[in-house]
Amino acid sequence: MKNVLIVAAGSDIAKSLIPKLLPFCNVWATYRKQVSGSTSLKLEGGGSYTPLFLDICDEASFEKLAEYFKGTKIDVVVNFAGVAVTSPVVKLKTEDLKKQLDVCVLGLSRILKFIYPNLDKNSRVINVSSMASFGIFPFISPYCLSKSASDILLNAFELETGIRTVSIKPGVVGTKFWQYCIDLNKENFENFDGEYEEIGEFLLENAKNNAVKGVTPGHVARVIKKALFAKYPKHSYLIGKDAHFAAFASFIPKALLNLIIRKTLDFRVRKFKNGK
């Protein structure tokens, strides 16, 4: 019976994953909103589900979590926490970049720091990254930067501790995350004025479409479950044709790749404009 800690369990993928783990695991699921009136649920045949509060941007929140888990061995940590800030680089606000890094990079650092005493050499840490970690997507550079940095941090953690780490890299996944990011970036879309206006309109519409296309949360959850139970999990799992293309594209010479991306983006923006 594995002890599994799931961080940011309110995500659609996490919601798909948890039922797949029960009743084979004891699952602790953390949520950004205070959990009131919820207690641990014991399942018939074994396993349990316990909701907990955790704000990954608050050190005090982690200290309480560390105290709660004192003396408890954790076999697997799965981190779903993430945001996606969008903006042209030349108009990117410092506070927005800090927000991006606070959740995806510093948040992961806090998780590793506070849960490390509960891990052993047989434990593993699974971080839900993105094809954005390959850094080939314009106008979401904060998101790309944070996912790439998270992969580096995760690998350094494995090298230093000997604890196995896994990076899950989906392409587009049809979840409510897209609408959440649209709401988060309402003010940032004002950065897409002047020369960026048409691109901004296209990116907004594309984000809305992504919410209903791409691979399903259940598909990603099945891959995470595979990585969770595998005796020798891969360090990186690509999910979706677009993720495999992003991985391949990262090996193309930068000048050629940038030309392809610019031409493709211009074509898609013109197509969008003509179809309005």
Side-chain angles (χ1 to χ4, degrees), residues 5-11 13-14 30-33 53-63 65-66 77-116 125-161 165-173 175-192 196 200 203 207 210 235-236 243 246 250:
L5 172 63
I6 296 180
V7 178
S11 78
I13 301 173
T30 76
Y31 299 87
R32 190 162 50 91
K33 294 182 179 179
F53 167 74
L54 177 66
D55 180 351
I56 65 166
C57 296
D58 180 15
E59 293 277 351
S61 181
F62 274 95
E63 290 170 3
L65 185 73
V77 180
V78 186
N79 176 39
F80 287 94
V83 297
V85 170
T86 181
S87 174
V89 172
V90 295
K91 297 191 177 184
L92 178 62
K93 300 182 184 70
T94 300
E95 57 267 28
D96 288 331
L97 180 56
K98 287 180 178 179
K99 180 192 305 178
Q100 177 73 68
L101 298 178
D102 196 20
V103 174
C104 291
V105 182
L106 298 181
L108 176 60
S109 175
R110 295 180 189 110
I111 293 169
L112 297 174
K113 174 184 175 182
F114 283 99
I115 208 62
Y116 175 63
V125 178
I126 300 174
N127 188 55
V128 179
S129 184
S130 166
M131 66 176 179
S133 64
F134 295 107
I136 65 172
F137 302 101
F139 302 106
I140 56 167
S141 60
Y143 186 60
C144 296
L145 171 64
S146 69
K147 290 303 183 182
S148 180
S150 295
D151 280 350
I152 294 170
L153 187 67
L154 201 66
N155 192 60
F157 175 80
E158 176 171 328
L159 288 170
E160 294 163 3
T161 66
T165 63
V166 177
S167 179
I168 305 292
K169 295 182 174 66
V172 172
V173 185
T175 70
K176 66 176 183 290
F177 179 74
W178 295 98
Q179 186 58 52
Y180 169 72
C181 292
I182 290 172
D183 295 339
L184 176 73
N185 287 284
K186 277 184 178 178
E187 292 186 5
N188 283 354
F189 278 113
E190 296 177 2
N191 294 345
F192 290 88
Y196 299 115
L203 291 176
N210 283 344
H235 281 96
S236 181
S250 66

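Treat the numbers as computed from the prediction; the structure is a model and nothing was measured.
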Check your understanding: In chain order, what residues pass the side-chain contact (heavy atoms from CB on, under 4.5 Å) check against E63, with sequence neighbours excluded?
Key -> F114
Review point. What residues, two or more places apart in sequence or in another chain, satisfy side-chain contact (heavy atoms from CB on, under 4.5 Å) together with F189?
Key: T86, N185, F192, L204
Among residues at least two apart in sequence or on other chains, which ones pass side chain to side chain donor-acceptor pair (under 3.5 Å) with [X]?
{"X": "S61", "result": "none"}
{"X": "E158", "result": "T165, H235"}
{"X": "S87", "result": "N191"}
{"X": "K91", "result": "D193"}

**Study point:** Distance-minimising heavy-atom pair for G82 and C104
**Key:** CA-SG, 3.8 Å
Practice item. Show the numbers, then the answer: is there a side-chain contact (heavy atoms from CB on, under 4.5 Å) between L112 and V125? Key: CA-CA 8 Å; L112 297 174; V125 178; 3.9 Å; yes
Review point. Does the side-chain contact (heavy atoms from CB on, under 4.5 Å) test come out yes or no for I152 and F157, once each step is laid out?
Key: CA-CA 9 Å; I152 294 170; F157 175 80; over 6 Å; no
Point to revise | Listed partners of F134 passing ring pair (Phe, Tyr, Trp, His ring centres under 6.0 Å), at least two apart | key: none
Within this structure, what is the [atom1]-[atom2] distance for the pair [X] and [Y], rounded to the nearest 0.5 Å?
{"X": "L92", "Y": "N188", "atom1": "CG", "atom2": "CG", "answer": "7.5 Å"}
{"X": "T175", "Y": "N210", "atom1": "OG1", "atom2": "CG", "answer": "9.5 Å"}
{"X": "C57", "Y": "K99", "atom1": "SG", "atom2": "NZ", "answer": "10.5 Å"}

Report yes if the side chains of [X] and [Y] come closer than 4.5 Å at any heavy-atom pair, otherwise no.
{"X": "I111", "Y": "F62", "answer": "yes"}
{"X": "V7", "Y": "F80", "answer": "no"}
{"X": "I168", "Y": "I126", "answer": "yes"}
{"X": "V83", "Y": "Y180", "answer": "yes"}
{"X": "V78", "Y": "L5", "answer": "no"}
{"X": "L108", "Y": "N127", "answer": "yes"}
{"X": "Y116", "Y": "V77", "answer": "no"}

Main chain of [Y], side chain of [X]: is a donor-acceptor contact present, judged purely on distance under 3.5 Å?
{"X": "W178", "Y": "V172", "value": "no"}
{"X": "S130", "Y": "S133", "value": "no"}
{"X": "K147", "Y": "V128", "value": "yes"}

Please report, to 0.1 Å, the donor-acceptor pairs under 3.5 Å made by any side chain of residues 137-146, with sequence neighbours excluded.
| residue | atom | partner | partner atom | Å |
| --- | --- | --- | --- | --- |
| S146 | OG | Q100 | NE2 | 3.2 |
| S146 | OG | P142 | O | 3.4 |
| S146 | OG | Y143 | O | 2.8 |

With sequence neighbours left out, write down each residue that passes salt bridge (Lys or Arg N to Asp or Glu O under 4.0 Å) with [X], or none if nothing qualifies.
{"X": "D55", "answer": "none"}
{"X": "K98", "answer": "none"}
{"X": "K169", "answer": "D151"}

Exercise for review: Determine whether more than 12 heavy atoms belonging to other residues, nucleotides or ligands lie under 6.0 Å from atom CD of E95.
Suggested key: yes
Practice item. Please collect all salt bridge (Lys or Arg N to Asp or Glu O under 4.0 Å) contacts where either partner lies in residues 101-114, sequence neighbours excluded, each pair once. Key: E59-R110, D102-R110
